[in-house]
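One structure is given here, and the rest of the page talks about it.
Counting convention: from 1, in listed order, for ligands and their atoms alike. In what follows, every heavy atom counts, from backbone to side chain, and hydrogens, waters and symmetry copies are set aside.
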Amino acid sequence: MNGPSDDGMAQSARPTTSRRGIMRRVLTFGGLAIVALTILAACGPEVEKPYTTTSPASPTAESIQSLYKLVFWLALVVFVGVQFAIVYTALRFRRTRFARRRPAQIHGNTRLEITWTVIPAVVLLIILIPTITTLYDFDAAAQNGDLEVDVYGKQWWWEVNYGEDERGEDLDVWTANEIVVPVGKNVVFNLQSNNVIHSFWVPRLSGKLDVMPGHVNRLSITADEPGVYYGECAEFCGAQHAWMRFKIVAVPENEFYTWINTMRAGNVGTTNPDAELPEGVTRAPEIFSVCLACHQVNGLESSAAIQGIEAPRTNGPDLTNLACRETIAAGMLINNPENMALWLHDPGAVKPENYMATVIEEGTLDEQQIQELNEYLFSLQPEGGCVIGESPDVPSGASSVGSPVASPAATPADD
Ligand code: CUA
């Protein structure tokens, strides 16, 4: 079909592989690909993403986001550049059907070798410098907090103890899983564990930090805006690792101290069935003394369970103002009387292998006792009602759409 032709003819007959033609084709396909990707990326419904890593709400998360963007854009430039070069070279220098000889075979080019060694080195340096600076900034922020909060990773929940605030006062308040912090203050979390390694992670507020035995890791978090920020354990730590959720509730400073005061006041009461009840003292059901081997209620007579790092593994969450918490079992169940009854009935069926199930199993508590406990537990709230969360008559969270907690049934949500 080519007919007889000499080499010169074959070399010149390359109408479709001109430099400009190739450029045009590469640019057209590249452009189409970018448009298609943009359209695809914009698809999908707007959903609430409580664990999003791309919506920072603190200076720490903001710096992580900046690094992420830097790496992303550099990687994109490298990717596009390399792909462009591959496609261009393949088209421009390929052996066409008109060519009778193989294209020139070139091995080694010092200038190119140096170029593609230097460019990656420069790219890595551009990433390395701000990364190291950011790490040192984090470290500096964790040195001087406005508020110290000890966090103990337990199996499988988080125990929280408020320490010194910026006035130098030891707040000494214990709670679990729902951590209230003053907005705009540098809260330093002292992360520790007396069991296995966990990882404390609130994606919108900070990066992950390990919670390990024998060493205290300090993490600084300053929430820019009031709001609820969801977190979870990010290191596999056993059967219920997935249900080791928590949240940070950032509120204005005055509200924070109102909350602290209600936690300090606690729930004054007694488990003694014969005790006289002066005003403001609640009578806890007698069976609650079983709970007090592992749980604590601030203000309740005979409440003396060990907390913190010294506590045995079977130690459970502090129950002070429990009725105000949104969830029980570390984010697994919405805190309402039905779920509490399920839990008290057989905690091991709801959250297998949890330590409460080593003491309470099906049949340990009868219906009467469960009802008494339920009534008492939902009476554990401040006199003037909950400062954070809602009053227990209206179980909070049950109607909240998209919150990362289970549905009111005992079955875990599949999110
Ligand atoms: Cu604790 Cu995973």
Side-chain angles (χ1 to χ4, degrees), residues 49-53 60-61 64 142 149-162 174-181 187-221 228-249 294-295 305-319 325-335 343 347-359 403-406 410-415:
K49 304 176 190 78
Y51 292 96
T52 176
T53 51
T60 315
I64 295 172
V149 177
D150 292 341
V151 172
Y152 304 93
K154 300 287 173 93
Q155 280 172 312
W156 291 274
W157 56 284
W158 302 90
E159 183 163 61
V160 182
N161 182 219
Y162 288 77
W174 291 86
T175 189
N177 305 325
E178 301 184 12
I179 309 174
V180 182
V181 300
V187 183
V188 172
F189 293 93
N190 297 297
L191 309 172
Q192 47 208 305
S193 164
N194 63 0
N195 44 89
V196 298
I197 301 175
H198 306 270
S199 178
F200 189 84
W201 189 33
V202 195
R204 292 197 63 206
L205 295 179
S206 179
K208 299 167 188 171
L209 194 57
D210 276 0
V211 182
M212 56 176 85
H215 179 79
V216 179
N217 268 336
R218 287 170 66 83
L219 179 73
S220 145
I221 286 182
V228 180
Y229 304 98
Y230 290 93
E232 61 184 25
C233 180
E235 177 93 33
F236 182 70
C237 55
Q240 295 299 335
H241 155 70
W243 288 113
M244 196 169 159
R245 296 182 171 186
F246 64 101
K247 63 179 182 177
I248 289 186
V249 185
C294 306
H295 294 277
I306 300 167
Q307 293 168 298
I309 202 82
E310 303 294 339
R313 283 185 182 203
T314 46
N315 150 284
D318 190 293
L319 301 177
R325 292 208 199 127
E326 196 194 356
T327 68
I328 53 174
M332 195 170 194
L333 296 175
I334 286 169
N335 186 18
W343 178 258
V350 178
K351 193 168 180 175
E353 291 189 34
N354 84 81
Y355 281 105
M356 180 158 158
T358 61
V359 183
S403 83
V405 293
T411 43
D414 58 354
D415 60 341

Arg325 and Glu178: salt bridge (charged side-chain N to carboxylate O under 4.0 Å, His left out), yes or no, with the steps? CA-CA 7 Å; Arg325 292 208 199 127; Glu178 301 184 12; 5.5 Å; no
Checklist line | N, O or S atom within Glu235 nearest to atom 2 (Cu) of ligand 1, by name | finding: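 Restricting Glu235 to its N, O and S atoms, the minimum distance to atom 2 (Cu) of ligand 1 goes to O.
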> Which heavy atom of His198 sits nearest a heavy atom of Glu235, and at what distance?
Replying inline: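 In this case the closest contact between His198 and Glu235 is C-CB, 3.7 Å.
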Before moving on, can you tell me the angle at atom 2 (Cu) of ligand 1 between the ND1 atom of His241 and the SG atom of Cys233, to the nearest 10 degrees?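 Output for this angle: 120°, rounded to tens.
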Next on the checklist: Between Ser199 and atom 1 (Cu) of ligand 1, is there a contact where an N/O/S atom of the residue lies under 2.8 Å from the metal?
Outcome noted: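 No N, O or S atom of Ser199 is closer than 2.8 Å to atom 1 (Cu) of ligand 1, so no.
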Name of the residue among Phe200, Trp201, Tyr230 meeting ring pair (Phe, Tyr, Trp, His ring centres under 6.0 Å) with Phe246:
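Passing option: Phe200.
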In His198, the N, O or S atom nearest to atom 1 (Cu) of ligand 1 is which?
->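 The closest N, O or S atom of His198 to atom 1 (Cu) of ligand 1 is ND1.
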- Check: Ala142 main-chain N/O paired with Arg218 side-chain donor or acceptor under 3.5 Å: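 Side chain of Arg218 to backbone of Ala142: a pair is present.
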